[in-house]
Amino acid sequence: MKLTNVPVLFVILLSIHVAHNLASQSEIYTSKTQDKEERKETPVEEDTIFFHHDFEKMVELMREVQKACPEITRLYNLTEPSVEGRNLTVLEITENPGVHVPGKPEFKYVGNMHGNEVVGKEMLLYLMVALCEEYKKDSPLAKFIVRETRVHILPSMNPDGWQAAFEEKKEKGDAGWLTGRSNANDADLNRNFPDLNSKIYENERKHKGRNNHLLKVDKAIETDKSLQPETRAVMRWLARIGFVLSANLHGGDLVANYPYDETRSGKSQEYTACPDDHTFVYLAKSYAYFHGTMADSHRVPCDKGGDNKPITNGGSWYSVAKGMQDYNYLNTNCFEITLELGCNKFPPASELESLWMDNAAALFNYILQVHIGVKGFVKSVDGTPVANAEIKVMNLASGLPIDHDILSLEDGDYYRLLGDGFYNITVHAAGFHNSTRCVRVTNSIHVGSEDFVAAPHVDFALTPEDQPKPDETEATEACNELWLEVQQETQLDDRDLLVSVLSYLEPSTKWSVVASELSTVRLYYLLAQGLRRLQPNQMREILSLLPHSFQEQLEMVIAATMQDK
């Protein structure tokens, strides 16, 4: 996806079209349950969906959507309610709801984790309505999402906090910056998940140990008494469903934030790349650049003394321990980013329609990104699904592994999100010989696409270890051919620029001479190493001067090497 070539007019038209459907009330939402007296007291709710839904009205609207589109929706509650007994209610939207269909990726949106950050909750309610309505109108976008994706939407993870913030806003005219942020036990739910970052960083330092699925959920819930009911419910949810992609909707700023959230060094601010940094940058941009204002370089920052960058690495912004974003990445197959949807955490209802206009296309577009990279099935040669096979990836351009594996699901299906690039994919499974394929990933799915195409299939048929190792000559030859393509398309024209930047960073080395003895891949690696030694602001300054295509190539190397910082 070339974000600079996004059809902006289409995005705007989609936002207006969907927002108009909501504002005009459509078939789904009516205020028929209000009596005349209630309508006089709250006239804004009579003619529009754009108001702040309390818990009862939120659930009522979710039920209305389920009734309007019964064939593609299902309502269910997570395993535990909130501290004050409010259900954590999810709306599922897909063909054949209620079951995992092998080959169909699972996606989720979570809103209102901080109870006083309410914009995400409302946006997700409007998204439910929009998906249902657009599907009924045979919209190609909605049809593709519903047919090819299983979407789960939890609009409020912290309904108790929302109620506290709402009551203060109703009494005082505004809610305090922290009122309702935490749950009813005064626990910040985004600081309440098991701290897996310290565990993964220790594994990195020792160069041993797992790089994924670090924790047994049932055991953690049994032993960690600090876990809140809302946190426990979400942990069980993630363990039960093989989510692939997610976003967690917050407020108080306007930016897309990606892992890691907790810094390796313990510093309060430091760029902390996860192994999939390249892919996460891509995912963050896929929301920010389809949002109405997030990527507008002329917008006023929420923090007048801060910046207005559309995306940020979590650790670079500020370190967060025990967050849900990093937990998703380190204990499940799910890649999650955090979306800050506006400066005002609890804006007046009069602003909600405009906020929907800003977010509509981005919400749809981000769902589509569950279809980037590759997907497929891992089975034995006799066709039996192989669960828990490790999907290992190496970046062919850098020659370095992406040190984060995902696991195949019960039916043998796997989904590996990847940014554009060239990759070697190897499957490891206990009792089987390894199997390898090489692929080029070129992602093009986005709102405004002429055709919506799911990720290409790369299937693996594994041979048991008690049988002769299969001949993979054909696969090896394909990898060699792809390596030649890597050299031709991404590296040969970059050598002069590489030498120039290296000479600037380390003028004492005669790079013009040294470079003749080194491969282009090695030069990229050495440049990444040199950039690692800079302060984050110095690194950004140098990167900003480089061509975009060169930056993308360098990002792949940095993503693979920076994890040891």
Side-chain angles (χ1 to χ4, degrees), residues 11-12 14-16 18-19 22-23 44 48-53 58 109-128 130 153-158 161-162 165-166 168-169 173-181 188-190 247-258 284-312 314 317-318 320 324-325 336-366:
V11 172
I12 294 172
L14 174 71
S15 303
I16 293 173
V18 177
L22 289 171
V44 68
T48 180
I49 195 173
F50 297 110
F51 66 92
H52 290 293
H53 292 72
M58 176 189 78
Y109 273 130
V110 177
N112 206 204
M113 184 183 201
H114 290 148
N116 62 336
E117 297 171 12
V118 306
V119 173
K121 169 188 169 182
E122 296 303 324
M123 297 303 107
L124 295 182
L125 291 176
Y126 309 156
L127 175 65
M128 295 173 186
I153 302 176
L154 172 62
S156 182
M157 184 180 165
N158 185 4
W162 186 95
F166 177 73
E168 181 167 295
K169 185 176 178 68
D174 199 7
W177 187 253
L178 297 177
T179 302
R181 175 185 175 90
D188 186 331
L189 298 178
N190 206 33
N248 177 17
L249 279 54
H250 286 240
D253 212 316
L254 189 61
V255 69
N257 171 29
Y258 56 92
K285 288 180 177 178
S286 75
Y287 196 93
Y289 284 82
F290 281 78
H291 185 277
T293 58
M294 194 176 286
D296 181 358
S297 60
H298 300 293
R299 67 175 173 85
V300 178
C302 293
D303 177 1
K304 301 302 189 293
D307 58 50
N308 58 1
K309 292 185 300 182
I311 69 172
T312 184
W317 194 18
Y318 63 92
V320 172
M324 185 166 71
Q325 175 174 272
E336 179 170 281
I337 68 172
T338 300
L339 299 169
E340 302 281 345
L341 296 186
C343 306
N344 192 343
K345 292 184 177 183
F346 208 134
S350 59
E351 296 180 12
L352 292 175
E353 183 172 1
S354 176
L355 287 164
W356 169 247
M357 296 279 283
D358 282 341
N359 284 280
L363 286 164
F364 276 92
N365 191 65
Y366 189 72

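Position 1 is the first residue of the sequence, and the numbers go up from there.
For the pair Leu341 and Val119, the tightest heavy-atom approach, listed with the atom from each and the gap, is CB-CG1, 4.1 Å. Minimum interatomic distance between Cys302 and Gly342 (heavy atoms only, all atoms of both residues): SG-C, 4.4 Å. Considering all non-hydrogen atoms of both residues, His52 and Trp162 come closest at CB-CZ2, 4.2 Å. The two atoms that bring Arg299 and Met294 nearest to each other are NE-O, 3.1 Å, heavy atoms only. When every heavy atom of Gly111 is checked against every heavy atom of Leu124, the shortest pair comes out as N-CD1, 3.6 Å. Listed here is the closest heavy atom pair of His53 and Met58: CB-N, 3.9 Å.
In this structure, the ring-ring contact (aromatic ring centres under 6.0 Å, His included) partners of Tyr366, at least two apart in sequence or on a different chain, are Phe107. Qualifying side chain to side chain donor-acceptor pair (under 3.5 Å) partners for Asn248, counting only residues two or more places apart in sequence or in other chains: His250.
Atom OG1 of Thr338 sits about 3.5 Å away from atom CD of Gln325, to the nearest 0.5 Å. Rounded to the nearest 0.5 Å, atoms CD1 (Ile153) and CE (Met128) are 5.0 Å apart. Atom CD1 of residue Ile311 and atom CG of residue Leu339 lie 11.5 Å apart, to the nearest 0.5 angstrom. Rounding to the nearest 0.5 angstrom, the gap separating the CD1 atom in Ile337 from the CG atom in Leu249 is 9.0 Å. Note that CG of Asn308 and CG of Asp296 are 7.5 Å apart. Values are rounded to the nearest 0.5 Å. In this structure, CG on Leu355 lies 8.5 Å from OG1 on Thr293, to the nearest 0.5 angstrom.
One side chain, His114 or Asp188, offers a donor N or O that lies under 3.5 Å from an acceptor on the other.
The side-chain heavy atoms of Leu154 and Val110, taken from C-beta on, include a pair separated by under 4.5 Å. Inter-residue side-chain proximity for Trp317 and Glu340 is flagged as met; some heavy-atom pair is nearer than 4.5 Å. Side-chain contact between Asn190 and Met324 is present, with at least one heavy-atom pair separated by less than 4.5 Å. Put simply, the side chain of Leu363 reaches to within 4.5 Å of the side chain of Tyr287, judged on heavy atoms.
The aromatic rings of Phe50 and Tyr126 lie perpendicular to each other, with more than 60° between the two planes, well past the 30° mark.
Two rings, from Tyr289 and His291, have their centers 6.0 Å or more apart.
Side-chain atoms of Asn257 come within 3.5 Å of backbone N or O of Gly314 as a donor-acceptor pair.
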